[in-house]
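Down below is the structure, laid out as structure tokens.
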Amino acid sequence: MCQPQTGMRVVITGKGGVGKTTLTSCLATVLASAGTHVLAVDEDPQMNLPNALGVAYEDAAKIVPLNRHADYIEEKTGIRPGRNGWGALFKLNPDVEDVVSRLGLKVAENLSLLVMGTVKQAGGGCLCAENVLLDATIRHLALRMNEAILLDTQAGMEHFGRSLAKGFGQCVVVADSSFNALSVALHSASLARETGIELVHLAVNRVTTGDIRLERFERETGQKLRDLFDTVVQLPAEPLLQALDPHVVRIMADRQNGYAAAVTQLASLLSSPPCPCAAGHHQHHHHHAH
Ligand SMILES: Nc1ncnc2c1ncn2[C@@H]1O[C@H](COP(=O)(O)OP(=O)(O)O)[C@@H](O)[C@H]1O
Ligand SMILES: [Mg+2]
């Protein structure tokens, strides 16, 4: 049997515009309303998650992302952002135990939001104070207990390097049924596996009846999505989301709604994921020692 989790930690990734932020906000809301303490983390520099979660425009405009909190960064790393240069001595493992209590925003019962700002590319990224802090924060979040953490990302995950692997046990790759989004999804899936994320799910979003593109993608690429992902879920196209823009989370008020129902199902799947050590398990897990 699987060990009970210390708290679920899920990273949401996929091509731009496919519905990551919408899905993150809705998942966060389902879990929070079921009584789970949820921390939603916005890692996309576009910072759309506050709006999606229904934070009022004036309040969202006041949010200072973590990488811009110069005082906090200096307090934690010993270096004021922008003043570092050769010879600067960072605290490379700053203690950010208080990052959520100090910089997080409570957006609803059981639901807090942390806005990170940009994580720079691991390769070309500088060893600047902001990045040291962001990296420490990701590592810290991975260890927080009794809390569901949902990390909404900008397209791609390369910039996380290996910090994610420390505790983000699940990844939801979002795609629509377009060839390009599905190609990006396959790439994201292999990156997630390389990073060491155990469970990689595919959420195909904006599905309409009679759309043959998924099958065509599989035929043309010779790839079977169900073999490449631990689970594949479909989220229907929902015109009401446009009417609710930007506070899309209000779609969850009616759980009979097709999109809301599908998100609710995905949330319960994430809360009690299929055990990777179970018999008949997924082929990608064969390398795990028993
Ligand atoms: N299932 C859906 N049906 C219709 N529109 C959707 C659906 N999911 C997302 N959208 C819309 O698509 C747009 C992009 O979604 P968003 O969540 O911001 O994408 P991303 O975060 O991946 O860039 C938004 O306007 C959102 O309301
Ligand atoms: Mg987004």
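Owing to the predicted nature of the structure, the values given are computational and were not obtained by experimental measurement. One is the number of the first residue; the rest follow in order along the sequence. In each ligand, atom 1 is the first atom listed, and ligand 1 is the first ligand listed. The basis for the numbers below is simple: all heavy atoms, side chains too, and nothing from hydrogens, waters or symmetry mates.
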Do you reckon V249 sits in the same ILVMFWY cluster as Y57, going by side-chain contacts under 4.5 Å, direct or chained?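 Looking at the clustering, Y57 is in a separate group from V249.
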Same apolar cluster: L114 and V64, side chain cutoff 4.5 Å: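 Not linked; separate clusters.
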Show the atoms of ligand 1 that are less than 4.0 angstrom away from any heavy atom in [X].
| X | value |
| --- | --- |
| A237 | 1 (N), 3 (N) |
| G17 | 14 (C), 19 (O), 20 (P), 22 (O), 23 (O) |
| N205 | 1 (N), 2 (C), 7 (C), 8 (N), 9 (C) |
| Y259 | 1 (N) |

Name of the residue among [options] meeting side-chain contact (heavy atoms from CB on, under 4.5 Å) with [X]:
| X | options | result |
| --- | --- | --- |
| L23 | V174, N205, V248 | V174 |
| I63 | D42, L105, L49 | L105 |
| M8 | V38, L270, I149 | L270 |

Ion pair R102/D71, N-O distance below 4.0 Å: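 The answer is no: the pair does not qualify as a salt bridge.
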Under 4.0 Å between a side-chain nitrogen and a carboxylate oxygen: does that hold for R216 and D211?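 Salt bridge flag = no for D211 with R216.
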Looking only at distances, can you tell me whether any N or O atom of [X], backbone or side chain, sits closer than 3.5 Å to an N or O atom of ligand 1?
| X | result |
| --- | --- |
| E238 | yes |
| L235 | no |
| V248 | no |
| G19 | yes |

Given that the side chain starts at C-beta and the backbone is N, CA, C, O, which of these parts of P236 lies under 4.0 Å from ligand 1, counting heavy atoms, or is it both or neither?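 It is the backbone that touches ligand 1; the side chain stays farther off.
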Protein contact to atom 25 (O) of ligand 1 [nearest heavy atom, distance to 0.1 Å]: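 Here the nearest protein heavy atom works out to D245 OD1, 4.3 Å.
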Looking only at non-hydrogen atoms, find the nearest pair between L182 and S177 and report the distance.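 Here L182 and S177 meet closest at CD1-O, 3.6 Å.
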Pick out which of D98, T137, D95 makes a side chain to side chain donor-acceptor pair (under 3.5 Å) with K76.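 Result: among D98, T137, D95, D98 is the only option passing the side chain to side chain donor-acceptor pair (under 3.5 Å) with K76.
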Determine, considering heavy atoms only, which of [options] sits nearest to [atom].
| atom | options | answer |
| --- | --- | --- |
| atom 18 (O) of ligand 1 | V174, V18, T21 | T21 |
| atom 13 (C) of ligand 1 | R206, Q234, Q154 | R206 |
| atom 17 (O) of ligand 1 | T22, T13, L49 | T22 |
| atom 7 (C) of ligand 1 | L241, I251, L240, I12 | L241 |

I'd like to check F168 versus R9 (side-chain heavy atoms, cut-off strictly below 4.5 Å). Are they in contact?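 A side-chain contact exists here, since the closest heavy-atom pair is under 4.5 Å.
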Check whether any N, O or S atom of T21, backbone or side chain, sits closer than 2.8 Å to the Mg ion (ligand 2).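 For T21, the answer is yes, given that an N, O or S atom comes within less than 2.8 Å of the Mg ion (ligand 2).
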